[in-house]
4 protein chains.
Amino acid sequence: MSPRNVERDLLQREKRINHILDSALETIAVRGIGSVSINDIAAAAGMSIGSMYHYFKSKNEIISEILRRGQTDYGKHVTGLSVQQGSAQDKLFQLCESWLALDNSWAYTILIHTARLSDASSEEIRRAVTERFTNNLCPVASVMEQGQRDGHIVNGDPLELAYYFVSLIQGLTLQRMPGAEVPIQARASSIVSLFAAKPQL
Amino acid sequence: MSPRNVERDLLQREKRINHILDSALETIAVRGIGSVSINDIAAAAGMSIGSMYHYFKSKNEIISEILRRGQTDYGKHVTGLSVQQGSAQDKLFQLCESWLALDNSWAYTILIHTARLSDASSEEIRRAVTERFTNNLCPVASVMEQGQRDGHIVNGDPLELAYYFVSLIQGLTLQRMPGAEVPIQARASSIVSLFAAKPQL
Amino acid sequence: MSPRNVERDLLQREKRINHILDSALETIAVRGIGSVSINDIAAAAGMSIGSMYHYFKSKNEIISEILRRGQTDYGKHVTGLSVQQGSAQDKLFQLCESWLALDNSWAYTILIHTARLSDASSEEIRRAVTERFTNNLCPVASVMEQGQRDGHIVNGDPLELAYYFVSLIQGLTLQRMPGAEVPIQARASSIVSLFAAKPQL
Amino acid sequence: MSPRNVERDLLQREKRINHILDSALETIAVRGIGSVSINDIAAAAGMSIGSMYHYFKSKNEIISEILRRGQTDYGKHVTGLSVQQGSAQDKLFQLCESWLALDNSWAYTILIHTARLSDASSEEIRRAVTERFTNNLCPVASVMEQGQRDGHIVNGDPLELAYYFVSLIQGLTLQRMPGAEVPIQARASSIVSLFAAKPQL
DNA sequence: CATGAATGAGGGTTCATTCAT
DNA sequence: GATGAATGAACCCTCATTCAT
């Protein structure tokens with residue numbers, strides 16, 4: 001009736017959506033994306049199947065939204081990092097560490113890769129994921145640039161270096177799938193040092 | 001007793017098996033591993049569903065065999081490379097190039113990652129894939145070692161360096177999924193140079 | 001060419017048929033009729049699937065033949081028993097004992113019941129089995145009659161008594177399915193005594 | 001929260017479950033347990049295949065439930081009979097009559113036997129059926145005991161006598177499979193008289 | 001809005017039977 | 001005769017989605 005009710009309803013809706021997405025991500029992280037059904041997500045969110053379809057058009061949209069949220073959050077995070085005080089190496093080191101930690105971000109990375117690899121996800125999802133991935137390279141590239149200006153980072157196109165850096169990290173993340181871990185330790189300092197400037201004799 | 005040419009039958013069987021595996025790989029490469037059904041594979045191979053089960057115990061076994069074949073072949077390839085004449089840098093360069101080329105090996109890499117990521121593949125498959133992956137790191141590590149002896153490759157545990165090198169390449173491969181390609185060029189020479197020795201001043 | 005070869009061929013064929021039937025019965029006895037495939041029978045007989053269809057028109061015919069053989073053999077056995085020397089009670093006792101023993105005859109009984117119960121067996125099989133079953137009651141009925149003449153067996157239509165006797169035994173056999181045995185001991189002497197004459201006061 | 005009438009839903013669910021079980025039993029009675037598919041049961045119940053799996057976890061569970069219901073109902077029936085007024089012979093007579101009538105109980109008996117014989121039913125089902133069968137012997141045994149106290153029933157372990165009595169009835173039931181009936185009339189009075197006391201001279 | 005029963009296409013798998021060799 | 005590869009219909013079961021309540 002009153003505008004306040006409408007507003008409150010919208011807030012309520014937003015909260016529900018976030019709750020569903022959180023529950024879904026949690027479930028997917030534990031059980032894998034392929035074997036998670038709408039039923040499972042609904043159960044995890046403590047809601048009915050029907051409600052899922054009030055908030056999302058399809059299962060695909062849920063996955064899509066999880067990815068969008070995750071990548072957007074990561075984008076903010078890495079952008080924040082890039083404009084911080086500190087050396088480029090420190091920033092790359094932090095990025096490495098936070099990625100190699102097997103926390104939430106890890107589940108996101110796996111999910112992102114799965115989404116891009118899987119034909120279960122639509123062409124549209126795959127394109128959007130890739131686009132955001134590419135955009136998220138920019139802050140890393142600017143860190144590389146900063147490092148080059150300071151003489152700490154190897155020469156070359158900063159975006160290309162960022163591309164290698166992120167691909168390396170993501171490649172490593174893949175090797176750490178629970179239940180199929182490669183028994184080799186990855187160390188952030190070693191990784192960063194690969195990108196260190198090579199002084200000319 | 002047996003009026004059939006047993007030897008020829010065995011050859012025929014082997015040929016059929018290879019044909020199925022090839023068809024399956026091709027189909028998976030195009031359509032993705034998750035949504036490829038036995039039906040699809042049978043159609044691609046030009047055979048009936050029932051025939052699939054003459055040659056393989058289950059769909060899982062087909063996937064499993066594709067992976068085994070691919071990883072074994074790659075293992076031979078990289079081992080051969082490691083014992084060749086030539087500088088370590090050349091060898092890494094060749095490895096890069098052959099990987100970044102979007103040929104068959106690319107489809108294998110995707111398949112391997114998907115298999116490791118997907119909960120559709122059984123625990124057993126994931127473990128076997130990871131084990132072979134780890135074993136295949138050894139020849140690369142020996143190339144790293146050779147390079148270090150020659151003063152061309154950066155210091156550090158050779159196996160760890162190999163781990164980074166391969167992860168980097170594989171990470172890049174992921175970014176090149178058809179239909180979702182990151183619009184950045186990866187260049188083998190740049191990648192190899194990350195692993196180049198850093199002369200001390 | 002020569003008549004002797006034809007004759008020998010026929011003998012060979014008969015031997016093969018018996019071999020198949022024996023192997024099939026053995027397999028069925030162990031694994032149950034429902035889960036035994038032509039493939040299994042062929043393997044047990046050490047022959048090829050194709051050969052099965054040289055000797056039998058269908059799987060149904062194999063089952064059918066096993067039943068026919070088994071019931072015919074049993075018919076001979078019980079007829080022999082009925083014309084032997086000895087008291088009616090002794091004969092019934094022997095019949096009981098041989099039936100309650102968990103030997104080959106037990107597997108036949110189960111098979112017969114399964115065939116009669118199962119819709120997997122055709123109407124035709126079921127009718128044939130029932131007809132042979134009914135015929136095989138006659139020798140038992142004649143034993144009952146003998147017992148009545150001697151004053152040892154209860155009054156009543158001998159065929160009806162035989163029907164009860166055999167049904168009782170068969171009912172008991174069912175209760176002794178391996179893996180689902182009723183934990184009560186059946187004793188031949190008690191069973192026979194149910195059919196003992198009831199002296200009038 | 002829930003705009004639906006929860007209580008009515010639960011009632012509806014119960015009704016549906018019973019409807020499915022009834023339809024399934026009917027279908028099985030006509031077509032046999034082995035060749036009844038989920039499809040058949042769904043068709044008989046006028047529902048979709050998917051719905052079956054809303055109400056039951058598996059085909060096995062449907063069979064299991066039919067058996068449980070049937071045996072439990074029978075257990076109540078026979079227990080009620082055993083504590084009624086009347087002579088033991090009357091009670092056995094009634095039991096015989098109700099069993100030999102080719103009504104619903106007949107289908108249950110066949111189903112029970114088939115379940116115990118068939119390897120299609122799981123080990124678990126077979127065990128449960130047998131256990132309930134054994135328990136259901138007790139009321140019959142107590143009738144036997146009553147008869148012995150009154151001097152109307154033959155001597156011997158009451159449970160063993162009950163075992164024979166029930167096995168006899170069940171054996172007879174088997175001989176009356178529609179389409180394969182043994183052409184001999186079974187009469188309740190004759191059967192009961194087999195268990196009558198045998199006066200000592 | 002909330003609910004969960006209903007749907008049915010599609011998944012992997014089995015197996016009796018046929019037939020070219 | 002002997003063989004076993006090939007077939008394809010049928011099995012049980014899953015699950016994204018719809019819709020009456």
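Here is how names work: the chains are called A, B, and so on, in the same order as the sequence lines, proteins then strands, and each is numbered from 1.
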Side chain to side chain donor-acceptor pair (under 3.5 Å) between Thr72(B) and Arg132(B): does it pass, once the steps are laid out? CA-CA 8 Å; Thr72(B) 303; Arg132(B) 283 191 296 261; 5.1 Å; no
Are the charged groups of [X] and [Y] less than 4.0 angstrom apart, N to O?
X	Y	answer
Arg69(C)	Asp22(C)	yes
Asp40(B)	Lys59(B)	no
Arg68(A)	Glu65(A)	yes

Is there a side-chain contact between [X] and the phosphate of [N], meaning an N or O under 4.0 Å from OP1 or OP2?
X	N	answer
Arg16(A)	dC1(E)	no
Arg13(B)	dG4(F)	no
Ser51(D)	dT7(E)	yes
Tyr53(C)	dG4(F)	no

Gly50(D) or Gln12(B), whichever maps to the more 5' nucleotide of DNA chain F: Gln12(B)
Given DNA chain F, 5'-ward residue of the pair Lys59(D) and Ser48(C), judged by closest heavy atom: Ser48(C)
In whole angstrom, give the distance that lies between atom [atom1] of [X] and atom [atom2] of [N].
X	N	atom1	atom2	result
His54(D)	dT3(E)	NE2	P	16 Å
Met47(D)	dC13(F)	CE	P	16 Å
Asp40(D)	dA10(F)	CG	C1'	11 Å
Ile49(D)	dC12(F)	CD1	C1'	9 Å
Asn39(A)	dT17(F)	CG	P	13 Å
Leu10(D)	dT3(E)	CG	C1'	13 Å
Met52(D)	dA5(E)	CE	C1'	12 Å
Lys57(A)	dT18(F)	NZ	P	11 Å

In dot-bracket notation, what is the pairing pattern of DNA chain F, taking Watson-Crick (N1-N3 plus N6-O4 or O6-N4) and G-U wobble (N1-O2 and O6-N3) contacts under 3.5 Å, with [ ] crossing and | for other strands? .||||||||||||||||||||
Could you state the interatomic distance from OG (Ser64(C)) to CG (Leu21(C)), rounded to the nearest 0.5 Å? 10.0 Å
As an exercise, state the distance from OG of Ser23(B) to CZ of Arg16(B), rounded to the nearest 0.5 Å. 11.0 Å
More than 12 heavy atoms from other groups under 6.0 Å of CD on Glu61(C): yes
Heavy atoms only, 4.0 Å cut-off, all strands: where does Tyr55(A) land among base, sugar-phosphate and nothing? sugar-phosphate
